[in-house]
Amino acid sequence: MPELPEVETVKRTLESLIIGKQIENVTVSLPRIIRKLAVDEFRRRLVGREIERIDRRGKFLKIVCNPWTLISHLRMEGKYRLVNKEEPIEKHTHVIFHFTDNTELRYKDVRQFGTMDLVPTGEEEKHPPLVTLGIEPFAKNFTSEWLKQNLRQRKAKLKSLLLNQTFIVGLGNIYVDEVLFQAKIHPERVASTLTEEEIDRLHFYIRKVLTEAIEAGGTSVRTYRNGKGEMGYFQVKLQVYGRKNQPCYRCGRLIERIVVAGRGTHLCTNCQQ
DNA sequence: ACACACCCCTGGAAGC
DNA sequence: TGCTTCCAGGGGTGTG
C-alpha cells in the first residue's frame, strides 16, 4: 500500500526512466481510472507531449507533460513499469503510455482503485484531488511548533488525524503505526491531550521513520514494487505493523492488533500507554 | 469537527 | 479437495 516513501521511490525510479520521452499514443482499457475526462480527450491532450518532470504531493505522483500534469494515485496496488512494447501485456494492465522510442509505460492495478486526473500544469493545487491536501511532512513550515498549534483544538483520535490527508499528507496505515510506536504514544489518544514533549517526539519520528523508509526504498508488505519492478526492504525494519502476537523488540510484550478509525492498528500496550 | 457505515475491487486466507 | 465467505485498505461520499 503505497504511502509517502513508496510514492517517493516510484517518483525517483520513474525519473530515471521516462524523463524526456515523447508520448506517441495512450491506451486506456479501464476508463474508470481516468476521472472526469473522456478517454478520447485524455489521449488527445497527451499525444505528442514530452515527459518533462515528475513531482510528488502527498501520495500523489505528478507527471508533468506540459501543458498538462497527470496526477496519479496508486491507492492500494497501482504500479508503473517501463517495458519494451514487444513484452506481453500482463493481466490488470489498465493504461499504457506508448512512447516514440518503442518503449511503453504501463499502469497495472489489480484492485482497480487507482486514479488519474489531468489538470493544467501550475494549477494542480487549485483542483481536486490536490486542493484539499494538508501539510507535507518535509515542508519547512512543518515544525514541532506547527504541530503543537494544530493539535491543540483537535478532538479526534491521534491515529485518525494522522491518517487524514487534509491534515497531514503521506502517512498511511503502516507508517502511522510505526511512528506512534517510536514516539511511544497510544493511537487512540485524543490529539489535543498530547504534551509538548510528546508532540516533539511525534514530529521527530514522523520525519525519521519516513526518511528511513525512503532510504530503504519503501516497504513491500503486499505487492509494492518501485518503477523498476524492485521491492523495497523497509518491511524488515517494521517494529509493530504486521507483528500481531510477536514480542515487542523494546520490551518483549506481545504486539496487539486493535481497530482504530476502521483500520487494523498494531501497538505495544506497554510502550504506548 | 468527528465518527462511522458504505463503496470501489481482487485474491489470498479462513471457514465449512 | 473444493466451494463460499471474509478481509485488507485509501479515499470519497453520505449520514448522524
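Just so we're clear, the structure is a prediction, and the values are computed from it rather than from any experiment. Residue numbering restarts at 1 for every chain, and letters A, B, ... go by the order of the sequence lines.
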Q) Which atom names give the shortest non-hydrogen contact between A:Lys91 and A:Lys108, and what distance separates them? A) O-CE, 3.5 Å
Q: Please name the pair of heavy atoms, one in A:Glu123 and one in A:His127, separated by the smallest distance, quoted to 0.1 Å.
A: O-CD2, 2.9 Å
Q: Just call it for A:Arg263: base, sugar-phosphate, or nothing, with non-hydrogen atoms closer than 4.0 Å on any strand.
A: base
**Q.** Output field: ring centroids A:His203/A:Phe142 closer than 6.0 Å
**A.** yes
Q. Which nucleotide in the set C:dA8, B:dG11, B:dC8 lies at the smallest distance from any side-chain heavy atom of A:Arg257?
A. C:dA8
Q | OP1 or OP2 of B:dT10 under 4.0 Å from side-chain N/O of A:Gln112 | A | yes
(Q) The side chain of A:Arg111 is closest to which nucleotide in this list: B:dC8, B:dA3, B:dG11? (A) B:dG11
Q.
A side-chain contact here means heavy atoms from C-beta on lying under 4.5 Å apart; do A:Val179 and A:Leu202 qualify?
A. yes
Q.
Rounded to whole Å, please give me the gap between CG in A:Leu158 and C1' in B:dA1.
A. 16 Å
Q) Within the structure shown, what part of the strands sits under 4.0 Å from A:Arg152 by heavy-atom distance: base, sugar-phosphate, or nothing? A) nothing
Q: Would you indicate what A:Gly262 reaches in the nucleic acid, counting non-hydrogen atoms under 4.0 angstrom: base, sugar-phosphate, or nothing?
A: nothing
Q) Given C:dG11, is OP1 or OP2 found less than 4.0 Å from the side-chain N or O atoms of A:His73? A) yes
(Q) How many whole angstroms separate atom CG of A:Leu163 from atom P of C:dG11? (A) 9 Å
Q. Axis-to-axis angle across the helix from B:dC2-C:dG16 to B:dC16-C:dG2, five pairs an end, to 10 degrees?
A. 60°
Q) With a cut-off of under 6.0 Å to the ring centre and 45° to the axis, is A:Arg243 in cation-pi contact with A:Phe181? A) no
Q | Value in whole Å for how far the C1' atom of B:dC8 lies from CD1 of A:Ile34 | A | 16 Å
Q) Any side-chain N or O of A:Arg75 less than 4.0 Å from the OP1 or OP2 oxygen of B:dC9? A) no
Q) Just to confirm, is there a sub-4.0 Å distance from OP1 or OP2 of C:dG10 to any side-chain nitrogen or oxygen of A:Tyr175? A) no
Q) To the nearest angstrom, how far is A:Asp177 atom CG from C:dG10 atom P? A) 10 Å
Q: Indicate the atoms forming the closest heavy-atom contact of A:Asp177 with A:Gly264, along with that distance.
A: OD2-O, 3.8 Å
Q: May I have the distance from A:Asp109 (atom CG) to B:dC9 (atom C1'), rounded to whole angstrom?
A: 9 Å
Q. Is the shortest side-chain N/O distance from A:Lys59 to OP1 or OP2 of C:dG9 below 4.0 Å?
A. no
Q: Looking only at side-chain atoms of A:Val110, point me to the closest of B:dG11, B:dA3, C:dG9.
A: B:dG11
Q) Separation of A:Glu90 atom CD from B:dT10 atom C1', in whole Å? A) 16 Å
Q | Spacing between A:Leu61 atom CG and C:dG10 atom P, to the nearest angstrom | A | 16 Å
(Q) I'd like to know if A:Arg154 reaches the base of B:dA1 with its side chain, counting only an N/O donor and acceptor under 3.5 Å. (A) no
Q. In whole angstroms, how far is the P atom of C:dG12 from the NZ atom of A:Lys36?
A. 10 Å
Q. Are A:Arg12 and A:Glu15 ion-paired here, with the side-chain N under 4.0 Å from a carboxylate O?
A. no
Q. Would A:Arg56 and A:Glu8 pass as an ion pair if we require N to O under 4.0 Å?
A. yes
Q. Among C:dG10, B:dC2, C:dA8, which nucleotide sits nearest the side chain of A:Lys155?
A. B:dC2
Q) Can you tell me if the side-chain N/O atoms of A:Gln165 get under 4.0 Å from OP1 or OP2 in C:dG11? A) yes
Q | Most 5' of A:Pro129 and A:Phe113 on DNA chain C, judged by nearest nucleotide | A | A:Phe113
